[in-house]
Amino acid sequence: MSISKTYSPREVEDKWYAYWLEQDFFSSKPDSREPYTIVIPPPNVTGVLHMGHMLNNTIQDVLIRRARMMGKNACWVPGTDHASIATEAKVVALLKEKGISKNDLTREEFLSYAFDWKEKYGGIILEQLKKLGASCDWNRTRFTMEDSMSRAVIKVFIDLHKKGWIYRGVRMVNWDPAGMTAISDEEVIRKEINSKLYYIKYRIVGADSQSEILNQDYLVIATTRPETIMADAAICVNPNDERYKHLKGKKAIIPLINREIPIIGDDYVTMDFGTGCLKVTPAHDLNDYELGIKHKLPVIDILNDNGTLNEKAEILIGKDRFAARKEIGVMLENSNSLQKIEDYKSQVGFSERTDAVIEPKLSMQWFLKMDKMAAPALDYVMSGEVKLIPDKFKNTYKHWMENVHDWCISRQLWWGQQIPAWYLPDGTYAVAETRDEAWQILKNSENNTTSYSKEDLNQDSDVVDTWFSSWLWPISVFDGFEDPENEDINYYYPTNDLVTAPEILFFWVARMIMAGHEYRGKAPFKNVYLTGIVRDKQGRKMSKSLGNSPDPLDLITEFGADGVRVGMLLCSSAGNDVLYDNAFVEQGRNFSNKIWNAFRLLNSWTVDKNLSSQNELAVNWFESKFNAELELINQNFDQYRISEAMMLAYKLVWDDFCSTYLEMIKPGFEEPIDAYSYNKSIIFFDKILKLLHPFMPFITEELWHQTAERKEKECCIVAEYPKPEVINRQTLDYTTLALKVISEIRNIRNQKQISPKEKLALVIPSILQNQYSSYVEMISKLANLSEVKFGKNKPEKSISFMVGTDEFYIPMENMQIDTEAEKERILKEIEYLKGFLKSVDVKLNNEKFVSNAKTEVIEIERKKKADAESKIKQLEQAMEML
RNA sequence: GGGAGUUUAGCUCAGCUGGUUCAGAGCAUCUGCCUUACAAGCAGAGGGUCACUGGUUCGAACCCAGUAACUCCCACCA
């Protein structure tokens with residue numbers, strides 16, 4: 001049977017994924033084993049897989065598969081997030097295409113459309129994860145808006161309200177005019193924008209308009225938002241500002257609408273910024289709002305929820321705020337109220353979900369007090385009970401937790417958990433799960449409800465922030481709210497590792513810790529592995545809009561899931577951004593191919609049972625090598641240096657197993673191999689497959705079944721992860737030196753342009769006879785030698801090379817030896833060594849060094865000196881011979 | 001404006017407690033090879049003033065101070 005020269009992943013991947021599912025290998029139930037649990041950061045239900053997911057989920061799958069093989073009860077809980085703003089926006093857009101406006105629908109109708117849509121397109125991303133090989137327990141798939149999880153959200157809301165941590169209040173919120181909802185501070189992305197600073201003249205009431213001194217006639221105010229002048233409530237100057245002292249108590253007139261406003265003083269105003277005059281617009285700026293409260297100014301809100309101007313603006317009613325800004329500029333110009341326009345850079349907030357410019361807006365919202373919850377959540381991380389990997393994020397975390405703001409949790413949307421607050425027409429309200437309970441609460445309260453009936457109650461039309469459901473995720477996926485003592489939650493909680501992006505450290509990670517502490521008394525996980533952001537070669541974040549992101553599924557088709565996984569791991573150390581390049585994935589594919597071909601070689605051998613066992617040295621060496629590397633790999637895993645662990649495995653397989661071990665034992669063309677070597681090699685390969693399985697699940701499973709007859713259910717995915725065994729350090733050291741000798745000989749071949757086919761001879765210094773006698777065969781084979789001798793002197797016609805402090809010779813009787821070149825090479829070497837020796841001598845002659853340095857260090861220096869001297873001596877002898 | 005981080009080979013990054021695993025790895029590059037597992041390969045080789053300037057030390061990529069560039073987070077200067 002001939003096997004393809006290249007590995008073709010496609011059928012292999014589908015076949016094994018289906019088989020794993022069929023055998024139920026991913027599913028987990030509580031038992032006596034130690035649990036190892038990961039909850040997936042739930043992707044948006046409407047999302048499609050992007051490179052960030054690939055990285056994130058590859059890491060999770062590596063961790064979970066390794067834990068499974070190490071005998072733990074591995075449970076990876078998948079699911080999706082309802083992502084209220086993003087999903088609602090998509091549904092609204094879809095309805096719009098059908099000619100349906102959200103405003104024309106009832107809440108129920110809209111939600112029914114939304115659920116239909118979710119049923120149809122939701123969860124595509126989970127199907128995509130399967131292509132990557134994700135070994136989630138799909139029976140446990142959850143959705144943040146399914147009934148039971150929603151009930152948990154409502155329960156928590158009511159509980160926190162009872163505790164007095166949830167409150168309702170008028171606040172300046174970040175209003176997203178595109179999403180038509182308030183969003184939290186964390187969802188606002190600030191960007192520096194090139195804008196214009198408009199210098200607008202406000203006439204002063206009572207000033208002599210004929211006055212020759214223009215400056216007394218009007219004030220000039222610098223603003224980036226001229227469209228809000230109609231909402232001005234005052235003009236504010238610094239009371240210490242000499243320029244404006246005379247204006248105290250006077251009034252100014254808003255241009256265009258000619259409304260009078262007072263001129264007030266407050267030292268909030270910086271004198272040297274702009275003109276030193278500030279227009280106070282309480283409805284549209286947070287500072288102005290606070291200034292307005294202090295000076296009891298009216299709030300004039302001139303904007304509709306969608307960002308257009310309303311009738312209070314008096315002019316430009318119905319125009320969008322940005323259109324209005326332009327028009328006002330022109331209008332001010334025409335009415336001679338504009339002094340000048342300057343270019344200006346300012347920080348503007350954008351909605352994370354819709355990218356609309358945020359409008360500060362006063363509105364009634366629900367808030368969650370954060371101070372009480374933040375304190376313990378900070379402790380978990382600072383004490384190391386929850387470890388952030390890498391720990392540089394500790395600082396950022398601390399800073400945020402110490403300056404945390406109350407969390408605006410209400411959203412003016414329909415897609416989400418509706419806030420369990422019930423209002424009477426007079427504005428009194430109760431927080432309760434049902435209308436009946438709310439009615440009971442209100443009846444029992446001191447409020448007078450006699451004039452109302454239960455039917456007069458209206459539920460708050462807002463929903464809670466999506467994060468208000470996802471912060472419960474590690475508990476709610478195990479039904480820990482509805483049934484706090486159930487078997488699952490007690491077994492799986494707290495989970496082990498969380499793998500997520502640093503971007504949502506506060507949105508999500510910090511809040512999960514808060515919820516975990518509040519409702520389980522324990523943080524929800526022990527380690528948080530923070531991946532970087534996947535960027536393109538130029539360092540730009542990969543995004544759909546830039547079109548710089550490859551489609552992960554295309555990559556999987558082209559390079560195989562294993563190749564893509566390896567590629568992602570190769571370019572990603574924890575917490576560092578990933579500069580993605582297809583070259584990494586290619587490297588991953590090539591690695592798959594390498595493993596495939598190692599198998600082809602093993603598979604091609606015929607075993608001769610009558611042959612005595614050979615290659616014992618090679619076998620012993622690789623055994624030790626494997627164990628030594630396995631130890632290192634495990635150490636790296638323990639430190640979550642997964643990329644490093646991957647690279648070590650890569651080198652072990654490619655360099656040590658393929659390039660070295662297999663070449664050592666490979667029989668000649670069409671010759672059989674002895675049973676000992678063959679069986680050992682199969683055992684090694686088997687271990688290698690297991691070692692690689694967490695990184696490359698598909699190819700390893702495939703080959704695992706090809707290398708031996710396997711019983712039903714006997715699969716690599718559930719095989720026991722190799723354990724480090726005996727390491728013979730001497731074998732490792734001696735072999736390393738022998739390999740060095742081989743490499744030197746090959747190098748000389750290259751330099752002297754001697755064909756690898758031409759056999760050479762080698763003279764090994766006789767003092768090394770003990771060390772090298774068992775290596776003669778191996779060296780001869782790998783360096784293609786005809787004869788190896790032990791000797792004291794340099795053969796007359798020969799080339800020499802050094803390994804360590806020993807000089808080896810390759811006799812070259814038939815070859816032309818360029819004596820001059822050889823001399824020159826040796827001289828150069830001697831010169832270098834002498835320089836080196838000098839620097840060592842300086843050190844050793846330095847009394848301070850000898851008296852201060854550790855004895856080991858001094859010993860090392862002495863050895864360096866001795867080695868260098870011995871090398872020089874040998875080289876000088878060689879010179880004489882020439 | 002405040003804070004954190006980064007800067008080591010052409011690229012991506014290791015380098016742990018200051019000293020032989022100290023200047024490393026992978027990729028890329030160059031040279032020679034279609035050698036009966038693999039050209040998605042094999043065998044070799046060449047790449048670095050460890051951002052810069054000082055300091056501490058017998059000894060600094062590593063510790064300290066300053067400078068520069070970049071990145072991220074936080075923040076209400078119109």
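Within every chain, numbering begins at 1; the chains are lettered A, B, ... in the order of the sequence lines, protein sequences first and strands thereafter.
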(message) Tell me the interatomic distance from A/Leu219, atom CG, to B/A78, atom C1', rounded to whole angstroms.
(response) 14 Å
(message) Under 4.0 Å, heavy atoms only, any strand: does A/Glu670 hit a base, just the sugar-phosphate, or nothing?
(response) nothing
(message) Roughly how many Å apart are B/A61 and B/U20, using the P atom of each and rounding to a whole number?
(response) 10 Å
(request) Check whether any side-chain nitrogen or oxygen of A/Asn287 sits under 4.0 Å from OP1 or OP2 of B/A78, and answer yes or no. (result) no
(message) Just the rounded figure in Å: distance from P of B/U21 to CD of A/Glu644.
(response) 18 Å
(request) Indicate yes or no for a side-chain donor-acceptor contact from A/Thr736 to the backbone of A/Leu732 under 3.5 Å, with no hydrogens or angles considered. (result) yes
(message) Applying a 4.0 Å non-hydrogen cut-off, can you work out what A/Ala222 is touching in the nucleic acid: base, sugar-phosphate, or nothing?
(response) base
(request) Syn or anti for B/U20, please, going by whether the chi angle lies within 90° of 0. (result) syn
(message) Taking 4.0 Å as the cut-off, does a side-chain nitrogen or oxygen of A/Arg225 come that near to OP1 or OP2 on B/C77?
(response) no
(message) Once you apply a heavy-atom cut-off of 4.0 Å, does A/Arg589 come out as touching a base, just sugar-phosphate, or nothing?
(response) base
(request) Under a 3.5 Å limit for both distances, which nucleotide forms a Watson-Crick or G-U wobble pair with B/U53, could you say? (result) B/A65
(request) Ignoring the backbone of A/Asn395, work out which of B/C58, B/A78, B/G5 is nearest its side chain. (result) B/G5
(message) Pair A/Asp867, A/Lys863 - check salt bridge (Lys or Arg N to Asp or Glu O under 4.0 Å), show working.
(response) CA-CA 6 Å; A/Asp867 286 354; A/Lys863 181 154 193 310; 3.1 Å; yes
(request) Look at all strands and tell whether A/His405 reaches a base, only sugar-phosphate, or nothing, counting heavy atoms closer than 4.0 Å. (result) sugar-phosphate
(request) Classify the nucleic acid contact of A/Thr396 as base, sugar-phosphate or nothing, counting any heavy atom under 4.0 Å across all strands shown. (result) sugar-phosphate
(request) For A/Cys236, report the nucleic acid contact type (base, sugar-phosphate, nothing); a contact means any heavy atom under 4.0 Å. (result) nothing
(message) Strictly below 4.0 Å, N to O, side chains only: are A/Lys865 and A/Glu869 in salt-bridge contact?
(response) yes
(request) Taking only the side-chain nitrogens and oxygens of A/Lys651, find out if one of them lies under 4.0 Å from OP1 or OP2 of B/G26. (result) no
(request) State whether A/Ser743 places a side-chain N or O below 4.0 Å from either non-bridging phosphate oxygen (OP1 or OP2) of B/G44. (result) yes
(request) Could you give the distance separating B/C64 and B/A69 at their P atoms, to the nearest angstrom? (result) 22 Å
(request) Tell me what A/Ser592 touches on the nucleic acid: a base, only sugar-phosphate, or nothing, going by heavy atoms under 4.0 Å. (result) nothing
(request) Could you work out the separation of B/C38 and B/U6 based on their P atoms and round it to a whole Å? (result) 46 Å
(message) Given B/U35, B/G44, B/A37, identify the nucleotide with an atom nearest to the side chain of A/Lys757.
(response) B/U35
(request) Check if the side chain of A/Lys5 and the base of B/C38 share a donor-acceptor pair of N or O atoms closer than 3.5 Å. (result) no
(request) Using whole Å, report how far CG of A/Asp581 lies from C1' of B/A28. (result) 10 Å
(request) From the options B/G5, B/C58, B/A37, select the nucleotide whose nearest atom is closest to the side chain of A/Leu601. (result) B/A37
(message) Classify the ring geometry of A/Trp596 against A/Tyr7: parallel below 30°, tilted from 30° to 60°, perpendicular beyond 60°.
(response) tilted
(request) May I ask you to say what A/Arg749 touches in the nucleic acid, namely base, sugar-phosphate or nothing, with a heavy-atom cut-off under 4.0 Å? (result) nothing
(request) Report the nucleotide, chosen from B/A78, B/G44, B/G26, that has the shortest atom-to-atom distance to any side-chain atom of A/Leu278. (result) B/A78
(request) Identify, between A/Tyr268 and A/Thr6, the residue whose nearest nucleotide on RNA chain B lies closer to the 5' end. (result) A/Thr6
(message) Using a 3.5 Å distance criterion without hydrogens, assess whether the side chain of A/Asn174 forms a donor-acceptor pair with backbone atoms of A/Ile358.
(response) no
(request) Report which part of the nucleic acid A/Tyr650 touches: base, sugar-phosphate, or nothing (heavy-atom distance under 4.0 Å, all strands). (result) sugar-phosphate
(message) From C-beta outward on A/Trp400, which listed nucleotide comes closest to its side chain: B/G41, B/C58, B/C74?
(response) B/C74
(request) Please work out if A/Trp654 contacts a base, only the sugar-phosphate, or nothing of the nucleic acid, heavy-atom cut-off 4.0 Å. (result) sugar-phosphate
(request) Using the P atom on both, measure B/G10 against B/G47 and round to a whole Å. (result) 11 Å
(request) Take atom CZ of A/Arg641 and atom C1' of B/G15, then tell me their distance rounded to the nearest Å. (result) 9 Å
(message) If I pick the C1' atom on B/A23 and the same atom on B/A68, what distance separates them, to the nearest angstrom?
(response) 24 Å
(message) For the C1' atoms, the ones on B/U49 and on B/A45, what distance do you get once it is rounded to whole angstrom?
(response) 23 Å
(message) Work out how far the C1' atom of B/G32 is from that of B/G46, and round it to whole angstrom.
(response) 15 Å
(request) For A/Ser659, report the nucleic acid contact type (base, sugar-phosphate, nothing); a contact means any heavy atom under 4.0 Å. (result) sugar-phosphate
(request) May I ask you to evaluate whether A/Asn747 reaches the phosphate of B/A45, defined as a side-chain N or O under 4.0 Å from OP1 or OP2? (result) yes
(message) Taking the P atom in each of B/G24 and B/A9, what is the distance between them to the nearest angstrom?
(response) 13 Å
(request) May I ask you to decide if A/Val220's main-chain N or O and A/Thr275's side chain share a donor-acceptor pair within less than 3.5 Å? (result) yes
(message) So, taking the atom named CD1 in A/Ile688 and the one named CG in A/Leu652, what distance separates them when rounded to the nearest 0.5 Å?
(response) 5.5 Å
(message) Counting the benzene-type ring for Trp, do A/Phe684 and A/Phe657 have ring centres under 6.0 Å apart?
(response) no
(message) When both hydrogen-bonding distances must be under 3.5 Å and the geometry is Watson-Crick or G-U wobble, what is B/U71 paired with, if anything?
(response) B/A4
(message) Between A/Lys279 and A/Asn597, which residue's closest nucleotide on RNA chain B lies nearer the 5′ terminus?
(response) A/Asn597
(message) Whether the side chain of A/Gln587 and the base of B/A28 hold a donor-acceptor pair under 3.5 Å is what I'd like checked.
(response) no
(request) Between B/A40, B/A37, B/C58, spot the one nearest the side chain of A/Lys848, thanks. (result) B/C58
(request) Could you please name the option among B/U36, B/A25, B/A78 that lies closest to any side-chain atom of A/Thr224? (result) B/A78
(request) Establish, from distance only, whether the side-chain atoms of A/Ser755 and A/Lys757 form a donor-acceptor pair under 3.5 Å. (result) no
(request) Using both distances under 3.5 Å as the test, list the Watson-Crick or G-U wobble partner of B/U31, or none. (result) B/A43
(message) Base, sugar-phosphate or nothing for A/Val269? Non-hydrogen atoms, less than 4.0 Å.
(response) base
